Amino acid sequence: MRLTRGFFERDVLKVAPSMLGKLLVVRKAGKLEKRLITEVEAYRGEEDLASHARFGKTKRNQIMYATAGVIYVYLVYGIYWMLNVVTGQKGDPQAVLIRGLDGIKGPGRVGKLLGIDKSFYGEDLTKSERIWIEEISGKIDGKILRLPRVGVDYAGEWAKKKWRFMLDRF
DNA sequence: AGCAAGATCGGT
DNA sequence: CCGATCTTGCTG
């Protein structure tokens, strides 16, 4: 069953770990690509110096201030599309970066596999016909690891926060 | 207008 | 360790 608005409207530190073990579904060339989400990172508010929202609202990050459940994508290093989900209350910039799927490690590879590009910016996960997240039947066993976020050394103390979550056995 | 750096990855 | 490749946000 597809996740609805309420799931994403909670604080990002609640949403991020609860996205683990959910199924990311993307329609690609007419076929549905379904993968378990195994690793995510939380970015929380303008005060979070690791977040793109640290400069306040800009053209690139404006979607982070929108209603939860929409997608934030951006290009890093001129090559890789990063797939994020906006969370929390409207006006409060929060997002979850999807860093890994079952069998796919690394956010750059996730974007590449799923064919993510600029056209996904602002897509609504609760309504879209080509991308959404589903609850799976049954339970995922194993614990959730909490680790520091990757590639944000410039963020000082904020780089040390353990806002990266991953399923132990993947 | 110009520039340095980037929520990465693959090859040396 | 380094290059790829291009957008972004800051500086002047």
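If you're wondering where the values come from, they're calculated on a predicted model, not measured in any experiment. Naming: A, B, ... by sequence-line order, numbering from 1 per chain.
With respect to the salt-bridge test (charged N to carboxylate O, under 4.0 angstrom), the residues A/D11 and A/R44 qualify. A salt bridge between A/K22 and A/E135 is present, with a side-chain N of the basic residue lying under 4.0 Å from a carboxylate O of the acidic one. We find that A/D48 and A/R149 are joined by a salt bridge, their nearest charged nitrogen and carboxylate oxygen being less than 4.0 Å apart. Remark: A/K31 does not engage A/E33 in a salt bridge, criterion side-chain N to carboxylate O under 4.0 Å.
Taking atom OH of A/Y154 as the reference point, atom P of C/dC10 lies 13 Å away to the nearest angstrom. Here the P atom of nucleotide B/dA7 and the CD atom of A/E39 are 16 Å apart, to the nearest Å. C/dT5 atom P lies 18 Å from atom CG of A/D117, rounded to whole Å. Rounded to an integer number of Å, the gap from A/I71 CD1 to B/dA7 P is 19 Å. Nucleotide B/dA7 holds its P atom 12 Å from the CG atom of A/N61, rounded to whole Å. Put simply, CZ on A/F165 is 19 Å from P on B/dA7, counting in whole angstrom units. The separation between A/K112 atom NZ and B/dC9 atom P is 11 Å, rounded to whole Å. When the P atom of B/dA7 is taken as reference, atom CG of A/L147 falls 19 Å away, rounded to whole Å.
With C/dC10, B/dC9, C/dT7 as the candidates, the nucleotide lying closest to the side chain of A/F55 is C/dC10.
Across all strands shown, C/dG3 is found opposite B/dC9 as a Watson-Crick or G-U wobble partner, with both distances under 3.5 Å. Pairing for C/dG9 is with B/dC3, a Watson-Crick or G-U wobble pair whose two hydrogen-bonding atom distances lie under 3.5 Å.
Taking the P atoms as reference points, C/dC1 lies 16 Å from B/dG6, given to the whole Å. Nucleotides B/dA5 and C/dC2 place their P atoms 15 Å apart, quoted to the nearest Å.
Taking only side-chain nitrogens and oxygens, A/H52 never comes nearer than 4.0 Å to OP1 or OP2 of C/dT8. For the pair A/R109 and B/dG10, the criterion of a side-chain N or O lying under 4.0 Å from OP1 or OP2 is met. Listed pair A/R99 / B/dT8 meets the phosphate criterion, a side-chain N or O lying under 4.0 Å from OP1 or OP2.
Stacking is found between A/Y43 and the pyrimidine-like six-membered ring of the B/dA7 base under the 5.5 Å centre-distance and 30° plane-angle cut-offs. For the pair A/Y77 and B/dT8, the ring geometry qualifies as stacking, because the centroid separation is below 5.5 Å while the planes lie within an angle under 30°.
Map A/V76 and A/R60 each onto its nearest nucleotide of DNA chain C; the residue landing nearer the 5' end is A/V76.
On a pure distance criterion of 3.5 Å, a polar donor-acceptor pair joins the side chain of A/Y74 and the base of B/dA7.
Checking side-chain atoms of A/Y72 against main-chain N and O of A/G122 turns up no donor-acceptor pair under 3.5 Å.
A/H52 and A/Y43 have their aromatic ring centers separated by at least 6.0 angstrom.
As judged by a 4.0 angstrom heavy-atom cut-off over every strand, A/G108 is placed among residues touching the sugar-phosphate backbone only. Among the protein residues, A/Y80 comes within range of the nucleic acid bases, having at least one heavy atom under 4.0 Å from a base atom.
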